[in-house]
Amino acid sequence: MYISVKKHILSGSLLQVALIKIVAAFCEGFVRTVLERTSRQSPDMLDITLWRIQIVISVLQIAATTIVFYLSWKKLNYYMSLIPKDDQKGMGELQKEVFGESNVASLSVSSVNRLIQLWAVIFVGAELIYVFTSIMYRRFIAMLMDALSTGGAMSDGTFVMLYNMTHGFKYMEILAAILLGVVMTAIFLNDRYLKLASLVILSLFLISFAVMQMQTVYLMGREIGIVWTSIIYHLTETLGIVFLSRYLAKRYKGL
């Protein structure tokens with residue numbers, strides 16, 4: 001069984017999630033800009049006020065994402081319920097015969113349903129794990145700062161190097177989950193371009209993780225350290241998902 005080629009439930013859900021993440025990123029950026037840091041010698045994550053706001057934003061983001069995928073799943077199940085389950089396969093064959101294979105949706109409704117569930121697990125389940133790993137990573141950085149402040153052998157340069165090198169671990173799990181979702185979608189659609197894009201993003205992340213050093217820029221009188229693994233991850237989860245959504249909607253029917 002196939003839904004109408006004009007209905008883009010999966011790509012629409014991905015676009016909504018990407019917009020939620022973009023809004024969350026802007027909110028966090030705004031808070032970082034207006035909030036007076038208690039200490040400019042430590043990373044932003046150690047500022048307790050900023051950290052609490054980030055947790056609230058993450059919780060709201062997860063809740064909004066859950067609602068998006070739940071409503072999409074309910075809508076798709078409503079369309080599926082219009083035809084008895086035992087007749088859905090026969091209906092799909094009839095749709096191909098009447099309209100032609102080129103005029104039906106690119107994937108059956110059951111395949112779209114599986115992809116919606118897959119992306120829901122990625123953006124809700126993996127995001128929950130990301131919040132947990134962020135909490136543990138903050139504790140780790142706090143311990144490093146304590147070691148530095150006690151006048152041990154660790155220098156400021158060593159701290160910056162460790163901070164940059166370990167930052168990639170914070171994003172590796174969620175980025176891998178997102179890329180896995182892209183690859184699984186590509187397998188369903190037999191799309192080599194999505195597979196290639198996933199490989200390129202993963203390669204850039206690993207290169208920045210292993211080779212690139214943290215860069216320091218000055219913006220509005222503030223010293224900002226740029227961690228390239230963070231940049232790649234946040235671009236992937238926002239603009240990357242927007243591009244994925246638009247690509248699926250333009251290239252494939254009923255997706």
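We use all heavy atoms of the structure for the numbers below, so side chains are in, but hydrogens, waters and symmetry mates are not. These numbers were taken from a predicted model, which means no experiment stands behind them.
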Asker: How about Lys7: does its NZ atom have over 12 heavy atoms from other parts shown lying under 6.0 Å from it?
Answerer: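 For Lys7, atom NZ is not crowded (no more than 12 foreign heavy atoms under 6.0 Å).
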Asker: Asn113 side chain to Val109 main-chain N or O, any donor-acceptor pair under 3.5 Å?
Answerer: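 Checked: no pair found.
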Asker: Can you find a heavy atom in the side chain of Glu127 that is under 4.5 Å from one in the side chain of Thr65?
Answerer: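 Side chain of Glu127 against side chain of Thr65, heavy atoms only: no contact under 4.5 Å found.
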Asker: For the CG atom of Leu206 and the CG atom of Leu175, what is their distance to the nearest 0.5 Å?
Answerer: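 Between atom CG of Leu206 and atom CG of Leu175 there are 8.5 Å.
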Asker: Between Lys75 and Leu71, is any pair of side-chain heavy atoms under 4.5 Å apart?
Answerer: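 No. Closest side-chain heavy atoms not under 4.5 Å.
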Asker: Among the clusters formed by ILVMFWY side chains lying less than 4.5 Å apart, do Ile22 and Ile20 turn up in the same one?
Answerer: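 In one cluster: no.
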Asker: Side-chain contact, heavy-atom cut-off 4.5 Å: Ile178 with Ile201?
Answerer: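 Side-chain contact under 4.5 Å: no.
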Asker: Please report the closest heavy-atom contact between Val68 and Ser13, naming both atoms and the distance.
Answerer: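 It is CG1-O, 3.8 Å.
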Asker: Quick one about Thr185 and Trp119 (side-chain donor to acceptor, distance below 3.5 Å, no hydrogens or angles considered), yes or no?
Answerer: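 Trp119 vs Thr185: donor-acceptor pair found between side chains.
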Asker: Would you give the length of the straight line joining atom CG of Leu76 to atom CZ of Arg114, rounded to the nearest 0.5 angstrom?
Answerer: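 Atom-to-atom, Leu76:CG and Arg114:CZ are 11.5 Å apart.
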Asker: In the single-linkage hydrophobic clustering (I, L, V, M, F, W, Y; side-chain heavy atoms under 4.5 Å), do Phe188 and Tyr193 co-cluster?
Answerer: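 Yes, Phe188 connects to Tyr193 through the hydrophobic network.
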Asker: Are Leu244 and Leu194 packed together at the side-chain level, in the sense that at least one heavy-atom pair is separated by less than 4.5 angstrom?
Answerer: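 The answer is yes; the side chains approach within 4.5 Å.
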Asker: Inspect the contact between Lys21 and Glu28 and indicate whether a charged nitrogen and a carboxylate oxygen are less than 4.0 angstrom apart.
Answerer: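 No, this pair does not count.
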Asker: Please say yes or no: joined through hydrophobic side-chain contacts below 4.5 Å, possibly via intermediate residues, are Ile129 and Leu60 part of one cluster?
Answerer: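 Ile129 and Leu60: separate clusters.
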Asker: If you compare all heavy atoms of Thr229 against all heavy atoms of Ser208, which two are closest, and at what distance to 0.1 Å?
Answerer: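 Result for this residue pair: CG2-OG, 3.5 Å.
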Asker: Does a side-chain heavy-atom distance below 4.5 Å link Arg251 with Asp191?
Answerer: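 Yes, at least one pair of side-chain atoms sits under 4.5 Å.
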Asker: Which is it for Met184 and Leu180 under the side-chain contact (heavy atoms from CB on, under 4.5 Å) test, yes or no, and what are the steps along the way?
Answerer: CA-CA 6 Å; Met184 291 300 296; Leu180 177 61; 4.1 Å; yes
Asker: Mind checking whether Phe123 and Phe69 have parallel, tilted or perpendicular rings, split at 30° and 60°?
Answerer: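 Because their plane-to-plane angle is under 30°, the rings of Phe123 and Phe69 count as parallel.
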Asker: Rounded to the nearest 0.5 Å, what's the gap from OG on Ser203 to CG on Leu199? Could you check?
Answerer: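 Taking OG in Ser203 and CG in Leu199, the distance rounds to 4.5 Å.
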Asker: Side-chain heavy atoms under 4.5 angstrom apart, residues restricted to Ile, Leu, Val, Met, Phe, Trp, Tyr: same cluster for Ile241 and Leu204?
Answerer: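 Yes.
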Asker: Quick one: pull up SG in Cys27 and CD1 in Ile57 and give me the separation to the nearest 0.5 Å.
Answerer: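 One finds 5.5 Å between SG of Cys27 and CD1 of Ile57.
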Asker: As a quick check of understanding, evaluate side-chain contact (heavy atoms from CB on, under 4.5 Å) for Met172 and Tyr233, giving each step before the final call.
Answerer: CA-CA 8 Å; Met172 182 174 290; Tyr233 163 69; over 6 Å; no
Asker: Hey, does Lys195 have a side-chain heavy atom less than 4.5 Å from the side chain of Ile187?
Answerer: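 Sidechains of Lys195 and Ile187: in contact.
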Asker: Report yes if the side chains of Ile135 and Trp51 come closer than 4.5 Å at any heavy-atom pair, otherwise no.
Answerer: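 Contact flag for Ile135/Trp51 side chains = yes.
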Asker: Is there a chain of hydrophobic side chains (I, L, V, M, F, W, Y, each step under 4.5 Å between heavy atoms) that links Val56 to Val23?
Answerer: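 No.
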Asker: For the side chain of Ser245 and the backbone of Ser11, is there at least one donor-acceptor N/O pair under 3.5 Å apart?
Answerer: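 Yes; at least one donor-acceptor contact below 3.5 Å.
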Asker: Do His234 and Tyr171 pass the ring pair (Phe, Tyr, Trp, His ring centres under 6.0 Å) test, and can you show the C-alpha distance, the side-chain angles, and the key distance before you say yes or no?
Answerer: CA-CA 9 Å; His234 287 298; Tyr171 300 113; 5.4 Å; yes
Asker: I want to check something: taking the side chain as every heavy atom from C-beta on, are Thr133 and Tyr130 in contact at a cut-off of under 4.5 Å?
Answerer: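 SC-SC contact between Thr133 and Tyr130 confirmed.
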Asker: Minimum heavy-atom separation for His8 and Ala249, please, with both atom names.
Answerer: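 That closest heavy-atom pairing would be CE1-O, 3.5 Å.
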Asker: Give, for atom OG of Ser134 and atom CD1 of Ile174, the distance between the pair rounded to the nearest 0.5 Å.
Answerer: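 Between Ser134 OG and Ile174 CD1, I get 9.5 Å after rounding to 0.5 Å.
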Asker: Could you give the distance from OG (Ser72) to CD (Gln16), rounded to the nearest 0.5 Å?
Answerer: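 Going from the OG atom of Ser72 to the CD atom of Gln16 covers 6.0 Å.
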